Amino acid sequence: MTFADLGLMPELLRAVEDAGYSEPTPIQRDAIPIVLSGRDVMGGAQTGTGKTASFTLPVLQRLAPHASTSTSPARHPVRALILAPTRELAMQVYESVLTYSRYLPLRATCIYGGVDMRAQTQILREGVEIVVATPGRLLDHVQQRSIQLNQVKMLVLDEADRMLDMGFIPDIRRILSMLPNQRQSLLFSATFSNEIKKLADQMLNEPQLIEVARRNMVSETIEHQVYPVESSRKRDLLVHLLKTTIDAQVLVFVDTKFGCSRLTHYLNRCDIPADAIHGDKSQQQRTEALEGFKNGTTRVLVATDVAARGLDIDDLPYVVNYVLPNTSEDYVHRIGRTGRAGKKGKAISLVAPEDRSNLAGIEKLIKLTIPVHTVEDFQASGVRDHSDGASTGRRGRNEDNAGRRSRGSADSAAPRSRSGDESASPRGRSERTRTPARKKSTVAADGFDYAKPYEASDAPKAPSTKPDTPSRANRPVAFLLGGVGRKG
DNA sequence: AAAAAAC
């Protein structure tokens, strides 16, 4: 199966070839012919499946008959409107439009907030056939009369479930009310909640349902890992992982904007170059941060959920949940930044005892019991009801993850940590229970030898660790990381 | 309970 078999025109085939693609992905195979036929589409697909091209390509082809080299604005009315929930996502879709429209005289632009309106207004006045936008700024332009939507014949709602979460529904409704009823509408969503179905009912006309991935499924190329750790030790565990097991680019998710900045600064203090992206940064900083990460300049990007959805980063091998997301669905989205397009990825979650129920919810959603990994001196107990201390133990089912917390007898079934740690912490202690004393094996669960000296530059300058040891270069890692028995 | 999105 080739792109030509899907009925795409030569101008688009050339652009696809230029971009280096030869074979359509499943969602492209399903969606492109249907969109070309003019039907409405309700599309469900996990990210990294080529979803964006599955609508940008046929949209461009549908508009191609209207392409014009004329400079008259009247010859370039807005014919296709694509809405996305975040600015970065809008930009990404816009880039896809640019990539595939290079051999067609169609004009496109991207409209979003946080930047000066005047340049956008100017481009809109000159006329564009395709507008990719976030809802707020689009409405702003509508009010300023710099854009007319009464010629829109194609509407795409990307990441519709996210739009719902973000309370965009009133904006969407307002925008819908300005569009002609005679139009083709495409709605893409990672999940099909009742809310989404309701929106689809109002927005779509006899839609064809395309569901490539089973709902709420996660890519099978992703390896999930859980590291049980007290909250207070998370940052040092992360530093440790970044210096040992995480040997490549990583996207680290946190729960708040403040926490995002704080963790980024801490990593930088530990000589780990890291950048941050969150909603309180200027749009320029956001754009630059994402750019640096996408082109590989930045190894560690710390992000809020602004980066949780849809962002397509080539070959991202690691995602870390420094804090578990608030909803299980968000876990699916976050980790979907890795393991894309059939590539392998690792999703590492640092889980504090208080996040236990959250973890259980995630495991229930993804129908997987995530193997627990431990690093000597960083582990915490009580993260899972009966399997704490398990190293890479693969437990078949999660049948009894819930409702067993009062059963002290679970202890006897608790597997031991791979590092030979026999004193795995008993469950049933209060949360303030410190990590109990344990044997000081120098080789950690991940095979990393703590006793081995390492570069001075690796030393974290954690304020909580005692900085008064003379020769930094010869200090054992465990000590540097504030480790052995410090909290015993 | 936080994040995102218009000024």
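Below, each value reflects all heavy atoms present in this structure, side chains not excepted, and no hydrogens, waters or symmetry copies. Reminder, nothing fancy here: chain letters follow the sequence lines and each chain counts from 1. Model, not experiment: these values are computed from the prediction.
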Notebook entry, point to check: What are the two closest heavy atoms between A/R62 and A/V35, and how far apart are they?
Noted result: CD-O, 3.6 Å
Strictly below 4.0 Å: does [X] bring a side-chain N or O up to OP1 or OP2 of [N]?
{"X": "A/R174", "N": "B/dA5", "result": "no"}
{"X": "A/T86", "N": "B/dA5", "result": "no"}
{"X": "A/T134", "N": "B/dA6", "result": "yes"}

Note to self: Going by the rule side chain to side chain contact (heavy atoms under 4.5 Å, CB included), which residues pair with A/E206 if we only count those two or more places apart in sequence or in a different chain?
What the structure shows: none
Roughly, in whole Å, what's the span from [atom1] in [X] to [atom2] in [N]?
{"X": "A/E329", "N": "B/dA2", "atom1": "CD", "atom2": "P", "result": "19 Å"}
{"X": "A/L139", "N": "B/dA4", "atom1": "CG", "atom2": "P", "result": "20 Å"}
{"X": "A/R334", "N": "B/dA3", "atom1": "CZ", "atom2": "C1'", "result": "10 Å"}
{"X": "A/Y322", "N": "B/dA2", "atom1": "OH", "atom2": "C1'", "result": "17 Å"}
{"X": "A/M91", "N": "B/dA5", "atom1": "CE", "atom2": "P", "result": "13 Å"}
{"X": "A/R87", "N": "B/dA3", "atom1": "CZ", "atom2": "P", "result": "15 Å"}
{"X": "A/M117", "N": "B/dA6", "atom1": "CE", "atom2": "C1'", "result": "8 Å"}
{"X": "A/D171", "N": "B/dA4", "atom1": "CG", "atom2": "P", "result": "17 Å"}

Next item on the list: State whether a side-chain donor-acceptor pair under 3.5 Å links A/R299 with A/Q249.
Entry: no
Next item on the list: Would you mind classifying the nucleic acid contact of A/G114 as base, sugar-phosphate or nothing, using non-hydrogen atoms under 4.0 angstrom?
Entry: sugar-phosphate
Next item on the list: Report which part of the nucleic acid A/D305 touches: base, sugar-phosphate, or nothing (heavy-atom distance under 4.0 Å, all strands).
Entry: nothing
Check every atom of [options] against the side chain of [X] and return the nucleotide holding the closest atom.
{"X": "A/H278", "options": "B/dA2, B/dA6, B/dA4", "value": "B/dA4"}
{"X": "A/F168", "options": "B/dA1, B/dA3, B/dA5", "value": "B/dA5"}
{"X": "A/Q143", "options": "B/dA6, B/dA4, B/dA2", "value": "B/dA6"}

Solution key, residues 313-324 of chain A side-chain donor-acceptor pairs under 3.5 Å, sequence neighbours excluded:
{"from": "A/D315", "atom 1": "OD1", "to": "A/K343", "atom 2": "NZ", "distance (Å)": "3.0"}
{"from": "A/Y318", "atom 1": "OH", "to": "A/T245", "atom 2": "O", "distance (Å)": "3.2"}
{"from": "A/Y318", "atom 1": "OH", "to": "A/D247", "atom 2": "OD1", "distance (Å)": "3.1"}
{"from": "A/N321", "atom 1": "OD1", "to": "A/R334", "atom 2": "NH1", "distance (Å)": "2.9"}
{"from": "A/N321", "atom 1": "ND2", "to": "A/S349", "atom 2": "OG", "distance (Å)": "3.1"}
{"from": "A/Y322", "atom 1": "OH", "to": "A/R235", "atom 2": "N", "distance (Å)": "3.0"}

Margin query: Can you confirm whether or not the ring centre of A/F378 sits under 6.0 Å from the ring centre of A/Y227?
Written below: no
